[in-house]
Enquirer: 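Here it is: the structure, laid out below.
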Amino acid sequence: MSALLEVENPMVLGRIEYPSPPYEPVVTFEMHDDFGSFIACGDVYFEIGDAFIHIDNISDYLAAGYRDDSTYNMSDSEVIAYVEEHYGFAHTKK
């Protein structure tokens, strides 16, 4: 059963309904890489130093920052293995 709270604030119309305990709060936030690309749930991104780079931008990042253009013709799984071996860590956003 949920608890109801009557509100007497003219800016709030209706009632605020709170879930009954126990409940787990959900914290969500938007995540963008250093190029400004949105990283959605299930997307692969890389952590290289203090940079977060979406898998769609990793080839451009490596070419610009490390003069390494070898990932342009690789599949996603090859890129993940290559970057983890040479530069940083791959993560999947949950």
Side-chain angles (χ1 to χ4, degrees):
M1 176 181 286
S2 60
L4 295 176
L5 175 67
E6 292 291 332
V7 177
E8 295 194 24
N9 183 335
M11 298 300 293
V12 178
L13 302 175
R15 297 180 295 189
I16 299 174
E17 188 171 333
Y18 291 94
S20 58
Y23 67 92
E24 292 188 31
V26 176
V27 177
T28 59
F29 63 94
E30 288 189 5
M31 186 173 177
H32 294 83
D33 74 355
D34 288 11
F35 285 85
S37 294
F38 178 70
I39 301 173
C41 291
D43 284 353
V44 174
Y45 67 94
F46 299 95
E47 183 179 351
I48 301 174
D50 61 349
F52 293 103
I53 308 298
H54 191 279
I55 193 166
D56 292 344
N57 296 327
I58 193 65
S59 296
D60 295 336
Y61 176 79
L62 294 177
Y66 295 93
R67 303 213 188 278
D68 182 353
D69 60 357
S70 59
T71 59
Y72 280 109
N73 295 320
M74 292 182 183
S75 67
D76 285 351
S77 59
E78 291 173 326
V79 168
I80 292 168
Y82 180 81
V83 171
E84 284 193 322
E85 182 179 339
H86 296 96
Y87 296 104
F89 302 101
H91 304 282
T92 301
K93 184 171 185 239
K94 302 212 188 266

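Residue numbers start at 1 and run along the sequence shown. Since the structure is predicted, the reported quantities are computational estimates derived from the model, not experimental observations.
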Enquirer: Rounded to the nearest 0.5 Å, what separates atom CD in Glu84 from atom CZ in Phe89?
Expert: 8.0 Å
Enquirer: Kindly indicate, with the supporting measurements, whether the criterion side chain to side chain contact (heavy atoms under 4.5 Å, CB included) is fulfilled by Ile58 and Tyr87.
Expert: CA-CA 11 Å; Ile58 193 65; Tyr87 296 104; over 6 Å; no
Enquirer: Enumerate donor-acceptor pairs with a distance under 3.5 Å from any side-chain N or O in residues 41-53 to protein atoms, sequence neighbours excluded.
Expert:
residue: Asp43; atom: OD2; partner: Ala40; partner atom: N; Å: 3.0
residue: Asp43; atom: OD2; partner: His54; partner atom: NE2; Å: 3.1
residue: Glu47; atom: OE1; partner: His91; partner atom: NE2; Å: 3.0

Enquirer: Taking ring-ring contact (aromatic ring centres under 6.0 Å, His included) as the definition, give me every residue that meets it alongside Tyr82, ordered by chain and number, with sequence neighbours left out.
Expert: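 Per chain and number, Tyr82 pairs via ring-ring contact (aromatic ring centres under 6.0 Å, His included) with His86.
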Enquirer: Roughly how far apart are Asp56 CG and Asp76 CG, rounded to 0.5 Å?
Expert: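 Here the rounded value is 7.5 Å.
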Enquirer: Mind running side chain to side chain contact (heavy atoms under 4.5 Å, CB included) on Val83 and Ile55 for me, showing each step along the way?
Expert: CA-CA 10 Å; Val83 171; Ile55 193 166; over 6 Å; no
Enquirer: Give the cluster check for Val79 versus Tyr66: same hydrophobic cluster or not, with ILVMFWY residues linked at side-chain heavy-atom distances below 4.5 Å.
Expert: yes
Enquirer: Report, as yes or no, whether the 6.0 Å neighbourhood of atom OH on Tyr72 holds more than 12 heavy atoms from other residues, nucleotides or ligands.
Expert: yes
